[in-house]
Amino acid sequence: MAALTSALTRADAFIVVTPEYNHSYPASLKAAIDWHFTQWAAKPVAFVSYGGTAGGRHAVLHLENVLTELHAVTIRDGLSFPNYFTACQDGRPLDPQAPVYARTVLDQLAWWAVALRSARDAVPYPG
Ligand SMILES: Cc1cc2nc3c(=O)[nH]c(=O)nc-3n(C[C@H](O)[C@H](O)[C@H](O)COP(=O)(O)O)c2cc1C
């Protein structure tokens, strides 16, 4: 866990990748999130999810609630891969639009990373 703590402390932004199990995300991910507090505060989080027909969207809804409680800023757009086992080939999505969606998410995440880094540098987060 020490290596993860160090990486989260140094990071200005996060992408959380999650599967979906019974309409939520895995307990191992919850443990990794709960082990930390200040590491999330006033930093942006994007989500990439995958699973069966739901594509991990229920898991992401739960994660948005949890990370908001930890003062993270969850960004609106994300990537979702329903039935990823038929939607990918050789580890790549078959949907030709997937790289376009990914670019949108990364652009939003980068914007928030710069904005929130500047804000944290200017004034310590009061949370
Ligand atoms: C017990 C169980 C429950 C699952 N529940 C869901 C679900 O609620 N929604 C969904 O989209 N996929 C569901 N799936 C499909 C998983 O998301 C899929 O198997 C995925 O590969 C799991 O990620 P992993 O292989 O990285 O652990 C479930 C799979 C299992 C075995």
Side-chain angles (χ1 to χ4, degrees):
M1 194 67 89
L4 176 63
T5 301
S6 173
L8 294 178
T9 301
R10 282 183 278 113
D12 286 327
F14 306 107
I15 298 175
V16 173
V17 181
T18 185
E20 179 167 312
Y21 283 93
N22 295 327
H23 283 198
S24 195
Y25 57 94
S28 53
L29 179 54
K30 184 70 161 65
I33 292 170
D34 290 350
W35 196 262
H36 302 93
F37 183 64
T38 56
Q39 287 82 3
W40 304 112
K43 295 180 182 177
V45 185
F47 299 100
V48 176
S49 63
Y50 62 96
T53 51
R57 285 304 300 161
H58 304 103
V60 169
L61 289 173
H62 287 183
L63 282 163
E64 286 172 343
N65 274 334
V66 169
L67 285 157
T68 298
E69 173 65 13
L70 292 166
H71 298 257
V73 176
T74 60
I75 70 167
R76 178 188 175 280
D77 287 35
L79 293 177
S80 173
F81 295 98
N83 297 322
Y84 70 94
F85 27 82
T86 57
C88 295
Q89 195 167 33
D90 300 327
R92 291 180 176 274
L94 293 170
D95 182 354
Q97 287 299 305
V100 178
Y101 299 142
R103 182 60 191 250
T104 299
V105 173
L106 290 171
D107 284 348
Q108 291 181 4
L109 187 66
W111 189 93
W112 278 108
V114 170
L116 291 173
R117 173 67 189 263
S118 301
R120 292 196 309 276
D121 287 348
V123 182
Y125 183 68

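When a ligand or atom number is given, it counts from 1 through the structure's own listing order.
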With a 4.5 Å heavy-atom cut-off, do K43 and L8 have their side chains touching? no

Proximal atoms of ligand 1 relative to P19 (non-hydrogen, under 4.0 Å): 22 (C), 23 (O)

Could you list the atoms of ligand 1 found under 4.0 angstrom from a heavy atom of G52? 10 (C), 11 (O), 12 (N), 15 (C)

Considering E20, H23, H58 one by one, which has a heavy atom nearer to atom 15 (C) of ligand 1 than any of the others? E20

Quick one: which ligand 1 atoms are inside 4.0 Å of a heavy atom on G55? 11 (O)

Is any side-chain heavy atom of D77 closer than 4.5 Å to one of Y101? no

Take atom CH2 in W40; do more than 12 heavy atoms of anything else shown fall under 6.0 Å from it? yes

Could a heavy atom of F85 be found less than 4.0 Å from some atom of ligand 1? no

Ligand 1 atoms nearer than 4.0 angstrom to some heavy atom of Y84 are 20 (C), 21 (O)

Atom 25 (O) of ligand 1: which of Y21, Y25, F81 has the nearest heavy atom? Y21

Atom 21 (O) of ligand 1: protein heavy atom closer than 4.0 Å? yes

Heavy-atom check, side chain of E64 versus side chain of L61, under 4.5 Å: yes

Would a distance-only check, ignoring hydrogens and angles, find a side-chain to backbone donor-acceptor pair under 3.5 Å from D95 to Q97? yes

For residues L63 and L29, determine if any side-chain heavy atom of one lies less than 4.5 Å from a side-chain heavy atom of the other. yes

